[in-house]
Amino acid sequence: GAVLAANPAVERLLSAGEPLAALAQLFPRHQPERLAAHLTELKRQGQAATVIPFSRADSPPRWLELHSCAIVGDESLALAVLTDATERYEEELAGRAAIRFYETVCHNLAAGVMVIDSHFTIQRANSAIARFYKTTPEALVGRKCHEVIHRSPTPCSRMGEICPIATSLATGAPFQVVHRHLDADGAPRFIENRVAPLPDPNGTVVSFVAMFNDQTEIRNVQERLEAKTHELERLNQELLAQQEQLAVQAEELKRANFELITLSAAKDEFVSAVSHELRTPLTALRESVALVADGSLGPLNSRQAEFLNLAHRNCCRLTELINDLLDLSKIEAGRLELKPGSFDICRLSAEVCATFASAAAKKGLKLDCPQADRPDGIQVFADERLIRRVLTNLVSNAVKFTDQGEVVVTVAIQSGDAVVTVADTGIGIRKEEQPRIFQKFHQAAGNDGTRPPGTGLGLALAKELVELHQGRIWFESEADRGSKFFFTLPLDNSLARFRLLLSRSCLANQTLGLLLVALADPGRLEPAGAPEALDTIVRLAEHGPFAGCRAQILPETGEVTLTCTCRDADELATRASRLRKLLQGATFTVHGEPVRVRLRMNCLFLKQPAGKTPEELLVELRKGEQDVN
Ligand code: ADP
């Protein structure tokens with residue numbers, strides 16, 4: 001390994017200051033065996049070549065190629081050529097690394113990969129495809145692909161299937177298809193094939209790379225999904241059919257309901273008309289009988305007096321019944337006019353009790369009204385004439401249904417209302433009768449199964465009258481232990497007056513319609529633009545279908561409220577739809593610029609506002625827009 005002579009190029013190549021004395025200077029110190037191997041090969045073969053990594057502290061690492069050749073005739077000498085192989089060798093290393101990279105990727109792919117030549121012979125196979133066929137990649141190499149994939153001795157343009165390799169060979173382009181393959185156990189699987197031609201260094205296509213993806217599971221899921229979709233479609237059709245049927249039925253119900261309402265109105269009209277016609281002759285009859293009965297028109301014997309008195313009592317009962325019927329029908333038609341005022345409910349209770357004093361005394365009952373002497377009384381705001389009827393009815397019932405003990409009428413103030421209680425120690429009302437006690441014409445059967453005398457209208461009327469005053473009526477009762485009837489009345493203050501006036505105005509006009517018009521995009525109009533557009537709406541509304549209604553603008557929410565009175569919900573809906581047409585055709589401006597405003601409209605039709613102010617109703621309206629039609 002001693003260097004006998006070296007040309008100047010060697011020194012330049014090594015960029016060493018001193019001459020090269022021994023080959024060992026070229027080799028890394030820790031690899032002396034590489035020099036030994038080079039020399040051994042030179043001796044044995046007459047020549048040897050080695051690539052040596054060469055690095056010096058002051059220059060980047062390089063690769064040197066040492067090519068030694070024995071000199072013929074003198075075996076102890078050799079000619080060595082030293083060249084810089086850095087560039088070539090690094091390219092080769094990179095090439096090897098790339099091959100290793102692709103091989104690693106290929107073997108670790110979940111998809112199967114095979115390289116197949118133009119004679120359908122498998123040249124390479126990765127682990128995934130070998131696993132699929134329960135074999136090794138080496139065992140696949142050399143076999144025909146159609147034998148492996150289809151278990152067929154011939155290439156597979158059979159059964160109408162397109163062979164992707166044949167296609168790719170014919171077109172020179174990649175090809176993709178989903179095929180039925182047989183797996184290692186002969187079971188059919190759906191495999192996605194992607195084949196791409198692999199040209200050799202001369203550009204001639206001699207082989208193909210084929211990639212196989214098992215799509216069987218996806219297919220199965222897809223098929224199940226399709227079946228489910230069909231099933232859903234069928235169900236949907238059925239639902240639609242049922243919906244149509246329901247719509248038809250709903251329409252029929254609506255018609256029937258309308259007929260019922262019409263019939264009910266006709267009935268009420270009839271009852272009202274008949275009662276009215278009966279009242280005048282009945283009054284004349286009652287008064288005439290009274291005149292004869294009290295002997296004003298001449299003396300009567302006791303039998304005559306007895307029968308005339310009986311006739312007079314029955315005339316009075318009939319008058320009462322007719323009055324009750326008339327009042328009820330007036331309330332139901334919204335025609336009963338309240339004449340509220342301030343009065344002392346304690347005084348009224350005492351007066352009503354006084355009218356029943358003799359009837360109570362006859363039955364040996366104690367009739368008491370402890371608040372009668374209360375110095376300043378309790379002032380309520382109500383229609384005294386109507387409340388007298390409520391009290392009369394309750395006290396009359398208490399006396400009628402009590403045979404021993406007492407009837408006590410008390411008045412108290414509770415939660416800002418006056419509460420009147422009529423308590424008795426009478427027969428009470430059985431549990432099963434209690435739910436129907438306020439129904440028209442309902443009379444609870446006594447313990448002996450007989451109906452008590454009366455019309456069954458008193459409590460129904462009392463309930464309507466109390467509720468007309470925004471009050472509540474209820475009772476507590478136990479069979480054989482007595483009953484307590486309670487009702488509330490508003491105390492005389494400004495809130496009570498306002499509520500009653502509101503409810504009266506609604507009743508007098510039948511109903512109150514509320515219409516809330518909202519701009520769908522109020523943010524767009526905020527803050528300065530909103531009033532302009534809202535003003536336009538109000539102007540249009542007030543001169544259009546809502547002429548005469550009250551309008552209120554709420555610029556913070558971009559809403560307009562229109563309050564009006566209508567006969568029924570249909571009238572409100574008709575007006576609302578006319579208003580919508582009008583507003584949709586209108587131009588709104590913001591800062592003088594026209595904008596398109598989408599409208600949202602809610603209508604609320606109230607038969608009975610139940611003590612709520614329009615403002616309170618508005619709050620509710622905004623809370624539950626879905627409840628509003
Ligand atoms: P009526 O004119 O028949 O008394 P109401 O409507 O006043 O009609 O009462 C309906 C029914 O309620 C009565 O028939 C009676 O059965 C029952 N009832 C009402 N008040 C009392 C009471 N204080 N005690 C027991 N039962 C009562």
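We're numbering straight along the sequence, starting at 1. As a basis for the values below, the full set of heavy atoms in this structure was taken, side chains included, without hydrogen atoms, waters or symmetry mates. The structure displayed is predicted, hence computed values, not measured ones. Counting starts at 1 for both ligands and their atoms, in listed order.
- With no hydrogens or angles considered, no side-chain donor-acceptor pair links Asp417 and Ser415 at under 3.5 Å.
- Between the side chains of Glu406 and Thr425, no donor-acceptor pair of N or O atoms lies under 3.5 Å.
- By the 4.0 Å N-to-carboxylate-O rule, Glu320 lies too far from Arg317 to be salt-bridged with it.
- A donor-acceptor pair is defined here as one N or O able to donate and one able to accept, closer than 3.5 Å; such a pair exists between the side chain of Asp344 and the backbone of Ile378.
- Assignment of Gly426 to the shell around ligand 1 is not supported, since no heavy atom sits closer than 4.0 Å.
- Under a 4.0 Å criterion applied to the non-hydrogen atoms of Asn393, ligand 1 contributes the atoms 7 (O).
- When heavy-atom distances to ligand 1 are checked against a 4.0 Å cut-off, Glu433 has no atom that comes that close, whether in backbone or side chain.
- Between Ser477 and Gln434, some side-chain heavy-atom pair lies under the 4.5 Å cut-off.
- With ligand atoms numbered from 1 in the order given, ligand 1 contributes 22 (C), 23 (N) to contacts under 4.0 Å with heavy atoms of Asp424.
- In terms of N/O distances under 3.5 Å, ligand 1 is approached by Gly456.
- Ligand-side atoms of ligand 1 in range of Ser483: 22 (C), 24 (N), 25 (C), range being under 4.0 angstrom from any heavy atom.
- In this structure, Thr421 and Val409 have side chains that are not in contact, with every pair of non-hydrogen atoms separated by 4.5 Å or more.
- Thr319 and Arg279 share no side-chain donor-acceptor pair at under 3.5 Å.
- The option from Asn397, Ile437, Asp324, Leu394 that lies nearest to atom 7 (O) of ligand 1, judged by heavy atoms, is Asn397.
- Under 4.0 angstrom from ligand 1, the non-hydrogen atoms of Phe485 all belong to its side chain.
- With a 4.0 Å cut-off on non-hydrogen atoms, Ile429 touches ligand 1 through its side chain and not its backbone.
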